[in-house]
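One is the number of the first residue; the rest follow in order along the sequence. Everything numeric here is computed off the predicted structure, so don't read it as measured data. First listed ligand is number 1; within each ligand, the first listed atom is number 1.
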Amino acid sequence: MEMMQPNMEDSRSAEAVLSVVIPAYEEGSHIKSSIGVIESVLKENKIPYEFIIVDDGSRDNTWAELKSLTDTNPKVTALRLSRNFGKESALCAGLTYAAGDMVLVMDADLQHPPELIPEMVKAWRNGADVVDCIKNSRGKEKPFYRICAKLFYYILLKTADIDLENASDFKLMDRMVVEAWKQLPERTTFFRGMASWVGFERKQLRFDVAKRVNGKTKWSSYRLLRLAVNAITSFTSVPLHCITILGILMLIGTIVLGIETIYMKFSGRALNGFTTVILLQLFIGSSVMISLGMIGIYLTKIYQEVKGRPRYLIAKCIKGGEKK
Ligand code: UDP
Ligand code: MG
């Protein structure tokens with residue numbers, strides 16, 4: 001594999017091009033206006049730019065909107081995936097096509113405030129390789145979700161040393177970082193985690209999550225759970241070691257209870273202890289099943305990686321301004 005040359009400071013000029021990568025799934029009602037808002041911020045601040053919009057297999061009019069946008073706007077490249085692959089895969093596609101000196105990733109629903117872009121670009125010009133935007137608050141959500149999210153971030157922090165609490169996918173990355181990111185070979189990706197794993201000079205900015213302009217969120221509880229499991233299994237094998245630790249704890253319990261049982265037997269009081277037997281049965285049964293399940297999750301992951309299927313398939317690609 002080729003090593004990237006470290007970025008020369010003087011390439012961070014005012015002429016440096018910013019690639020804005022936006023994954024869009026069923027955002028047809030507002031994708032054009034969202035891009036318009038972002039574009040006006042870029043123009044106002046005289047930041048050279050290109051847009052890479054990835055239609056993640058939407059069934060609504062998103063693709064038609066993007067197509068008509070490429071007719072009039074030469075700065076827009078529209079990609080269409082062959083089906084809905086999920087945001088992570090859409091991001092991969094976008095990052096692969098982005099050609100700018102820096103790449104900005106943001107959502108299509110304006111929940112990531114475009115007003116922050118000039119500040120991010122400024123941070124990049126001042127030497128930051130990655131500009132992470134951190135959410136000031138998580139917005140409104142059910143207490144159960146909040147607890148699950150906290151637990152998820154806690155596990156990742158403690159086991160993989162990756163702090164993603166309040167992190168978002170709203171990020172600006174230097175070309176060198178994108179190239180490093182592209183070298184990570186895994187099939188099932190977790191952008192936020194991988195972008196943190198690569199390291200480099202980082203700067204954090206804070207922002208308030210805006211309201212979705214239109215449409216609704218595509219993250220069901222099931223999708224969120226799948227993302228969380230994927231993130232944890234991608235970055236840590238600690239759950240597997242937990243099984244071993246559980247086994248050792250149970251062995252200690254076995255020794256204690258074994259001694260007690262033998263003592264009872266010889267002192268003629270052996271019939272007692274029905275409850276203990278039932279509880280032990282249940283405990284051992286459930287921990288064996290959970291352990292097998294955990295091994296199963298990692299096994300599935302290995303299986304999927306070994307198959308080596310592509311992260312996404314591109315059905316169409318239109319570069320704005322090109323004659324078709
Ligand atoms: N998205 C995508 N593929 C999907 C789901 C979502 O490309 O399968 C995009 C979506 O169009 C948006 C971004 O990912 O630009 C964030 O999605 P959403 O706003 O639904 O998530 P939330 O902001 O509620 O976390
Ligand atoms: Mg959103």
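A donor-acceptor pair under 3.5 Å is absent between the side-chain atoms of S19 and the main chain of V103, judged by distance alone. At distances below 3.5 Å, not a single donor-acceptor pair connects side-chain atoms of E65 with backbone N or O atoms of I31.
The shortest heavy-atom distance from R223 to ligand 1 is under 4.0 Å.
At a 3.5 angstrom cut-off on N or O pairs, A108 counts as close to ligand 1. Polar contact with ligand 1: absent for A90 (N/O pair, distance under 3.5 Å).
Each of Y145, F152, F144 was compared with C148 under the side chain to side chain contact (heavy atoms under 4.5 Å, CB included) criterion, and only F144 meets it.
Scanning the protein heavy atoms around atom 9 (C) of ligand 1, the nearest turns out to be P23 O, 3.7 Å. Among protein heavy atoms, atom 1 (N) of ligand 1 sits closest to Y25 CB, 3.8 Å. If you check which protein heavy atom lies closest to atom 18 (P) of ligand 1, you get R212 NH2, 3.5 Å. Taking atom 24 (O) of ligand 1 as the reference point, the nearest protein heavy-atom neighbour is T217 OG1, 2.6 Å. For atom 14 (O) of ligand 1, the closest non-hydrogen atom of the protein is K87 CD, 3.2 Å. Protein heavy atom nearest atom 20 (O) of ligand 1, with residue, atom name and distance: K218 N, 2.9 Å. If you check which protein heavy atom lies closest to atom 17 (O) of ligand 1, you get W219 NE1, 3.6 Å. When hydrogens are left out, the protein atom nearest atom 4 (C) of ligand 1 is D56 OD2, 3.4 Å; that is the closest non-hydrogen contact.
Within ligand 1, counting atoms from 1 as listed, the ones closer than 4.0 Å to a heavy atom of E27 are 10 (C), 11 (O), 12 (C), 15 (O). Within ligand 1, counting atoms from 1 as listed, the ones closer than 4.0 Å to a heavy atom of D107 are 13 (C), 15 (O), 16 (C), 23 (O). Of all the atoms in ligand 1, the ones that sit under 4.0 Å from a non-hydrogen atom of D109 are 19 (O), 23 (O). Heavy-atom contacts of Q111 reach the following atoms of ligand 1: 19 (O), 22 (P), 23 (O) (cutoff under 4.0 Å).
Ring-plane geometry between W181 and F191 is classed as perpendicular, the angle between the planes exceeding 60 degrees on a 0 to 90 degree scale with a lower cut at 30.
In D109, the N, O or S atom that comes nearest to the Mg ion (ligand 2) is OD2.
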Could you walk me through whether R12 and D101 pass the salt bridge (charged side-chain N to carboxylate O under 4.0 Å, His left out) test, one step at a time? CA-CA 8 Å; R12 300 196 171 187; D101 305 291; over 6 Å; no
Take D55 and K316 through the test salt bridge (charged side-chain N to carboxylate O under 4.0 Å, His left out) and record every step on the way to the result. CA-CA 10 Å; D55 174 6; K316 287 170 193 139; over 6 Å; no
Decide side-chain contact (heavy atoms from CB on, under 4.5 Å) for M294 and I243; before the verdict, give the C-alpha distance in whole Å, the side-chain angles of both, and the deciding distance to 0.1 Å. CA-CA 9 Å; M294 238 181 238; I243 299 178; 4.0 Å; yes
Could you check L313 against L81 for side-chain contact (heavy atoms from CB on, under 4.5 Å), going step by step and ending with a plain yes or no? CA-CA 6 Å; L313 292 172; L81 304 190; over 6 Å; no
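Figure legend: cation-pi geometry between K135 and F207 absent, as NZ or CZ is not positioned both under 6.0 Å from the six-membered ring centre and within 45° of its axis.
Ion pairing between a basic and an acidic side chain is recognised when a charged N comes within 4.0 Å of a carboxylate O; R202 and D132 show such pairing.
With a 4.0 Å heavy-atom cut-off, ligand 1 is reached by the side chain of N84 but not by its N, CA, C or O.
With hydrophobic clusters built from ILVMFWY side chains whose heavy atoms lie under 4.5 angstrom apart, L42 does not share a cluster with V17.
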